[in-house]
Amino acid sequence: MATAEAAAEIVREIAAVGAADLAAAAEPLRADCLRLARKVSLLSHLVAEVAEAGEGDAAAAAWVRELVRALEAARRFVALGRAPPTPTAAAGASDQDAICNNTALQFKYVTWQLQAALANLPHSCFQISDEVQEEVDLVRAQLRREMEKKGALHITVFTRVHDILAQIDNAGPQSQQPHQQPEQSQMEKFSKDHLDLQNAILLVSEISGLSKSDMTKITSELIEGLENAGTPDSPKPANIDSQSSDETKSSSEEVKKPDSVSIPEDFRCPISLELMRDPVIVSTGQTYERAFIQRWIDCGNRTCPKTQQKLQNLTLTPNYVLRSLIMQWCEEKGIEPPSRSKSDGSSHEVGGNRLAIEALVRNLSSSSLDERKSAAAEIRSLAKKSTDNRILLAESSAIPALVKLLSSKDQKTQEHAVTALLNLSIYDQNKELIVVAGAIVPIIQVLRTGSMEARENAAAAIFSLSLIDDNKIMIGSTPGAIEALVELLQSGSSRGKKDAATALFNLCIYQANKVRAVRAGILAPLMRMLQDSSRSGAIDEALTILSVLVSHHECKIAISKAHAIPFLIDLLRSGQARNKENAAAILLALCKKDAENLACIGRLGAQIPLTELANTGTDRAKRKATSLLEHLSKLQVL
């Protein structure tokens, strides 16, 4: 059964593919695989939120199956680029052209299928955040652009294969009915008259993972229909989407404007593939459209999208030379020069008006509680909507005023203020401004005494601020900070516990904070979480934090004394694959150079689940399990 966890696993696998993995692939397959991997990587936050929301609704479960099918096709296509070159690759130019045409068709289907799945996202079933929705919209726009670049689509073939896959998923493997095979003479006639169509069906079916019998069924049904209609299978325009006809029409008109003239590749943003309006240079030397690279950074990415190199800093330097060249090119081609975008696609009815924002900021210091509360609520909303709003609010001195409101005796005002600061911190440069404004101590106070929603958002704000390494040290050394997070982890709401776990994990990356967390009593709630099957993700969160803590000697001793070993061995027996992997890694760390712990896991019967894990687990799980078994074997010899 397809699940959100399966989707997340495929996304991680595809996102991990880099240029080195595709070194043997010929162009344009190599470039197509890299671009596809980059787009799929942007869906990691989406699948995480879908997994968190659950699949209780039938419509939600059906959509998750559709997404998994699309991702599996994407994984198969990327696998083509990772496979060693075949002897055919050394053939003549005509054979090479045929290979390129075949992979181009498969790439078109993969992008079409993934774009269609994202278009069908049932928003009513999942609580998708605005930031993630922006990422989804960005990926959809990129996929549509890819389809336009590759030319016409075999939409009839694509749709039929898509429908067959849906039927198979819905029916289940046990309930699929065998279909009648067409007569051989009929298939021979089809193959002579419809070679191109038959080839398209074969290629699309292969990348979709369909069996030969299903390929034959699709070929028979499609060609019979075409014979009856008396018309050939004419490819449909590349901009076909699962939207209304009006939207499709407007999309087609929109395409004509930039594509009526071929845009030089150097003038296109590598992310959006559109003509750049406000080109900026990142630390790797690559140029992007400001709005799109800023959105990429705001979503927590710290690598260059094109080269996958780590960004040494997050400075965006205007590329005035390229902008001038784009302007000249537009004039030569008779195209309206692009004006600098003032937004990243979000609503700016108030946000784009500096005077309105400054008036709101002034109201934060009003003598009227209602005015202060209303202004904080409005700023909270604006800061959530877009990067431009976050920049304008910071420039209008909203941050110091919001920090003052953290001490408000009115809990709702306090809640709006801490949430507004959380939303402002999404923009990295604001993180430093928030810390400089003295926000850490009052945020900790809200974390301790605020309403539950305020405490949840205070924990999320601490996580966001702690993404800067210096802030990990500052927050960890603030009296009561880690203790307040541990308290929320222990007695907070479901969301509060999750926010606290995320913040504690990030803070504990810094070595000194590991000891602080253990001394603050983090192990007691972690032990309870290891046994908590009622809350989705609780076990995973506990294991993730333990895997960080166990690298410190004092924490390692404390984890052993907290009787974690029996719980970890239970997870080896009955946990999910990822939990088994993490449990084995923690047990290995506990048992290294510790004969007492090693003897303990031997007495508790760890050999059997470890042996099974060494044979059937993930690659990392196999390594950890094998190493533990070797240590146990040496102990028995002694």
Side-chain angles (χ1 to χ4, degrees), residues 7-19 21-22 25 27-50 66-82 103-121 128 131-150 153 158 207-208 238-239 241-242 251 265 268-274 276 282 286 288-289 291-309 344-345:
E9 184 62 35
I10 298 172
V11 167
R12 283 193 293 269
E13 182 182 332
I14 296 175
V17 174
D21 301 306
L22 302 165
E27 297 293 355
L29 175 60
R30 179 179 174 277
D32 287 343
C33 288
L34 281 174
R35 288 200 301 274
L36 182 60
R38 197 156 57 230
K39 291 170 182 58
V40 170
S41 69
L42 290 173
L43 300 177
S44 59
H45 298 105
L46 170 66
V47 294
E49 290 197 354
V50 168
E66 181 181 1
L67 178 65
V68 170
R69 288 195 301 271
L71 290 171
E72 285 175 339
R75 177 165 61 183
R76 291 187 193 96
F77 184 82
V78 172
L80 295 177
R82 303 182 72 174
T103 55
L105 176 62
Q106 291 177 319
F107 184 67
K108 280 189 284 187
Y109 175 72
V110 168
T111 52
W112 174 86
Q113 187 182 20
L114 188 54
Q115 194 279 144
L118 295 177
N120 293 332
L121 173 62
I128 303 300
E131 294 293 331
V132 171
Q133 185 58 54
E134 286 181 358
E135 287 184 303
V136 172
D137 293 341
L138 172 62
V139 174
R140 284 188 60 204
Q142 291 177 342
L143 292 169
R144 283 199 297 268
R145 179 70 66 177
E146 289 287 0
M147 291 190 292
E148 292 155 12
K149 285 173 63 180
K150 292 293 182 181
L153 304 179
F158 290 2
I207 208 69
S208 299
N239 60 332
D241 195 356
S242 358
S251 173
E265 283 299 313
R268 292 182 186 267
C269 170
I271 298 176
S272 68
L273 303 177
E274 296 173 352
M276 285 187 277
V282 297
Q286 300 296 323
Y288 299 93
E289 172 63 34
F292 287 99
I293 189 62
Q294 187 64 64
R295 189 181 303 170
W296 169 267
I297 292 170
D298 286 351
C299 289
N301 298 295
R302 294 296 178 269
T303 56
C304 173
K306 190 170 183 179
T307 66
Q308 297 301 306
Q309 293 176 306
D344 58 2

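- Nearest heavy atoms, A15 versus S41: CB-CB, 3.5 Å.
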Kindly indicate, with the supporting measurements, whether the criterion side-chain contact (heavy atoms from CB on, under 4.5 Å) is fulfilled by V139 and L46. CA-CA 11 Å; V139 174; L46 170 66; over 6 Å; no
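- Residues that satisfy the salt bridge (Lys or Arg N to Asp or Glu O under 4.0 Å) test with R75, not counting sequence neighbours, are E13.
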Which is it for W112 and L143 under the side-chain contact (heavy atoms from CB on, under 4.5 Å) test, yes or no, and what are the steps along the way? CA-CA 7 Å; W112 174 86; L143 292 169; over 6 Å; no
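- Residues forming a side-chain contact (heavy atoms from CB on, under 4.5 Å) with A31 (at least two apart in sequence, or on another chain): E27, R35.
- Closest heavy-atom contact between Y288 and K306: OH-N, 2.9 Å.
- Note: M276 CE to E289 CD = 7.5 Å, rounded to the nearest 0.5 Å.
- Under the 4.5 Å side-chain criterion, counting only non-hydrogen atoms from C-beta, L42 is in contact with W296.
- A7 meets the side-chain contact (heavy atoms from CB on, under 4.5 Å) test with V47, L67, V68, L71; sequence neighbours excluded.
- Of the charged side-chain nitrogens involved, at least one lies within less than 4.0 Å of a carboxylate oxygen, so that R268 and E265 count as a salt-bridged pair.
- Here the CG atom belonging to D32 is positioned 11.5 Å from the NZ atom belonging to K108, to the nearest 0.5 angstrom.
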Between L114 and L43, does the side-chain contact (heavy atoms from CB on, under 4.5 Å) criterion hold? Intermediate values first, please. CA-CA 11 Å; L114 188 54; L43 300 177; 4.2 Å; yes
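- C304 approaches V282 most closely through the heavy-atom pair SG-CG2, 4.5 Å.
- Between Q113 and A73, the shortest heavy-atom distance links the atoms OE1-CB, 3.4 Å.
- Here the straight-line distance linking atom CD1 of I14 with atom NZ of K39 works out to 12.5 Å at 0.5 Å rounding.
- Heavy-atom minimum distance, V110 versus A74: CG1-CA, 3.6 Å.
- Atoms OG and CD, on S44 and E49 in that order, are 10.5 Å from each other to the nearest 0.5 Å.
- Residues I293 and Q286 fail the side-chain proximity criterion, which asks for heavy atoms closer than 4.5 Å.
- Closest approach of F77 and L29 over heavy atoms only: CZ-CD1, 3.6 Å.
- A salt bridge does not link R69 with E72: none of the charged nitrogens is closer than 4.0 Å to a carboxylate oxygen.
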Could you walk me through whether I297 and R302 pass the side-chain contact (heavy atoms from CB on, under 4.5 Å) test, one step at a time? CA-CA 6 Å; I297 292 170; R302 294 296 178 269; 3.8 Å; yes
